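Notes for the one structure printed next.
Just so it is clear, the values below take in all heavy atoms, side chains as well, and ignore hydrogens, waters and symmetry mates. For ligands, and for the atoms within them, numbers begin at 1 and follow the listed sequence. Everything numeric here is computed off the predicted structure, so don't read it as measured data.
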Amino acid sequence: MNKSDIIRQLLAGRSREPGAQGAAYAPANIALCKYWGKRDEELNLPVTSSLSLSLGSLGAHTEVSACDGPDRVQLDGRELPPDSPFAKRLSAYLDLFRENHGFDVRTESSVPVAAGLASSASGFAALVLALNDLYGWELDRTALSILARLGSGSACRSIFQGFVEWHAGSRPDGMDSYAEPLQAEWPDLRLGLLELSTAEKAVGSRAGMKNTVETSALYSAWPEKVADDLLDLHTAIKERDFERLGRAAESNALSMHATMFSAWPPLCYWLPESVHAMRAIWRLRNDGLPLYFTMDAGPNLKLLFLDADRARVASHFPAMRVVESNERGMS
Ligand code: DP6
């Protein structure tokens, strides 16, 4: 089964003729329970389910149109060299849809690319939604989530706002592996972005998770850990039990990083500043401040806290950018 087979199924009976222009927006998302490891690399099928929170108005806005000649990819007003990793990934994805023409893709992103702030997720989700608009497919959200997953796994969650679960599924064709929003709101929950470095990372999450699955002795414990954390997160969200949510999210992220440390060659996305911030969070928590963090495949931390504690948290992390509840589209 390859990507083209899936796209043929999903687009059966729909137009392959692009209209004049398509445009769409998709939010970035931060996983509280991570996607780390694939059971199928071609289709980006995950070993486990995962659960995330979308970042409302922090994300990617994309316009796409067909053009003569090769693809042109613009990011934040700058044309990317066609051989840059991001442009190559987009072009390879667009190959799945094109018939003898190029695409002009213009993306404005409010999240830094490749700094562990889930920019490929919002980028691919916005592209899929913009293609849906360009071709007039009128696909449902499940089909759009599957299409986004073929570009980047975590992108399937960026089709939705709020809390989102990506069901791992078990079918070889992945038709049961898509994201769905949870029917839950938590208006007081805050996410703070602590950007410690925006440098491009040396090892992307795709290569990092492959290496981890193949070489880490700790990886066999990961699916069970995820199952426990997902249960905790569901209960925590339902009961608005913040300590339970924070603990599950932080412990899940640290366990993911533990699988990376035990891979070979070892993978460590942490900078000294990351560890410094973690220790500060643990100290503050010991002193009674309910503050937790999560981290992706990068050195930056995402802080989790309640609105009532915002001023205290901000006083310790003045550089933090708080994602507002209306930015998350949740209240
Ligand atoms: C650590 O979705 O970027 O952010 O499917 O290969 O494109 P590909 O990987 P990607 O991996 C994201 C990994 C993560 C955890 C998460 O977002 O769940």
Side-chain angles (χ1 to χ4, degrees), residues 3 26-55 59-60 85-86 88-90 92-93 109 111-128 145-160 163-169 174 177-179 191 193 200-201 203-214 216 219 222-223 225-226 229-230 233 248-250 252-261 263 267-270 274 293-302:
K3 289 189 173 96
N29 75 77
I30 300 296
L32 301 175
C33 180
K34 309 296 183 187
Y35 148 54
W36 194 247
K38 305 184 194 196
R39 63 185 162 86
D40 184 317
E41 280 169 31
E42 163 76 13
L43 302 179
N44 292 332
L45 295 177
V47 173
T48 70
S49 295
S50 55
L51 197 154
S52 60
L53 189 56
S54 284
L55 302 192
F86 195 66
K88 273 166 66 182
R89 249 179 100 176
L90 280 193
Y93 185 72
S109 174
V111 287
V113 172
L117 286 175
S119 52
S120 76
S122 50
F124 273 103
L127 179 62
V128 163
S145 180
I146 292 175
L147 281 185
R149 164 171 55 73
L150 297 178
S152 178
S154 54
C156 77
R157 299 185 309 235
S158 276
I159 296 293
F160 305 97
F163 292 108
V164 180
E165 182 163 12
W166 172 10
H167 306 290
S177 183
Y178 53 82
L191 213 140
L193 304 177
E200 195 101 7
K201 38 191 188 183
V203 182
S205 40
R206 183 161 293 187
M209 70 173 85
K210 181 170 157 60
N211 177 35
T212 304
V213 171
E214 287 171 356
S216 165
Y219 191 75
W222 175 246
K225 170 68 180 151
V226 166
D229 291 340
L230 278 175
L233 286 169
E250 185 173 310
N252 183 268
L254 289 170
S255 300
M256 174 180 74
H257 284 273
T259 69
M260 300 180 197
F261 299 154
L267 196 53
C268 179
Y269 287 106
W270 298 4
S274 319
F293 68 88
T294 182
M295 280 180 91
D296 292 296
N300 302 312
L301 271 69
K302 290 94 183 186

Full working for ring pair (Phe, Tyr, Trp, His ring centres under 6.0 Å) between Trp270 and Phe261: CA-CA 10 Å; Trp270 298 4; Phe261 299 154; 5.0 Å; yes
Can Lys34 and Thr294 be said to form a side chain to side chain donor-acceptor pair (under 3.5 Å), step by step? CA-CA 10 Å; Lys34 309 296 183 187; Thr294 182; 2.8 Å; yes
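In terms of N/O distances under 3.5 Å, ligand 1 is approached by Arg206. The shortest N/O to N/O separation between Lys34 and ligand 1 does not fall below 3.5 Å. Considering backbone and side-chain N/O of Ser50, none are found under 3.5 Å from N/O of ligand 1. Residue Gly151 has no N or O atom closer than 3.5 Å to an N or O atom of ligand 1.
The shortest heavy-atom distance from Arg89 to ligand 1 is under 4.0 Å. For Arg149, the heavy-atom gap to ligand 1 stays at 4.0 angstrom or more. For the pair Ala121 and ligand 1, no heavy-atom separation below 4.0 Å is found. For Met209, the heavy-atom gap to ligand 1 drops under 4.0 angstrom.
Asn44 has its side chain within reach of Tyr35: a pair of non-hydrogen atoms, C-beta onward, lies under 4.5 Å apart. Within the 4.5 Å cutoff, no side-chain heavy atoms of Ile30 are placed close to those of Ser52. At least one side-chain heavy atom of Tyr219 sits under 4.5 Å from a side-chain heavy atom of Val47.
In Ser205, the part holding a heavy atom less than 4.0 Å from any atom of ligand 1 is the side chain. With a 4.0 Å cut-off on non-hydrogen atoms, Arg157 touches ligand 1 through its side chain and not its backbone.
Remark: the backbone N or O of Gly298 is not paired with any side-chain donor or acceptor of Asp296 at under 3.5 angstrom. Between the side chain of Ser152 and the backbone N or O of Ala121 there is no donor-acceptor pair closer than 3.5 Å.
Side chains of Asn29 and Ser54: a donor-acceptor N/O pair is absent below 3.5 angstrom, by distance only.
Every atom of ligand 1 with a heavy atom of Ala297 under 4.0 Å away is listed here by number and element: 1 (C). Close approach of ligand 1 to Lys38 (heavy-atom distance below 4.0 Å) involves ligand atoms 5 (O), 6 (O), 8 (P).
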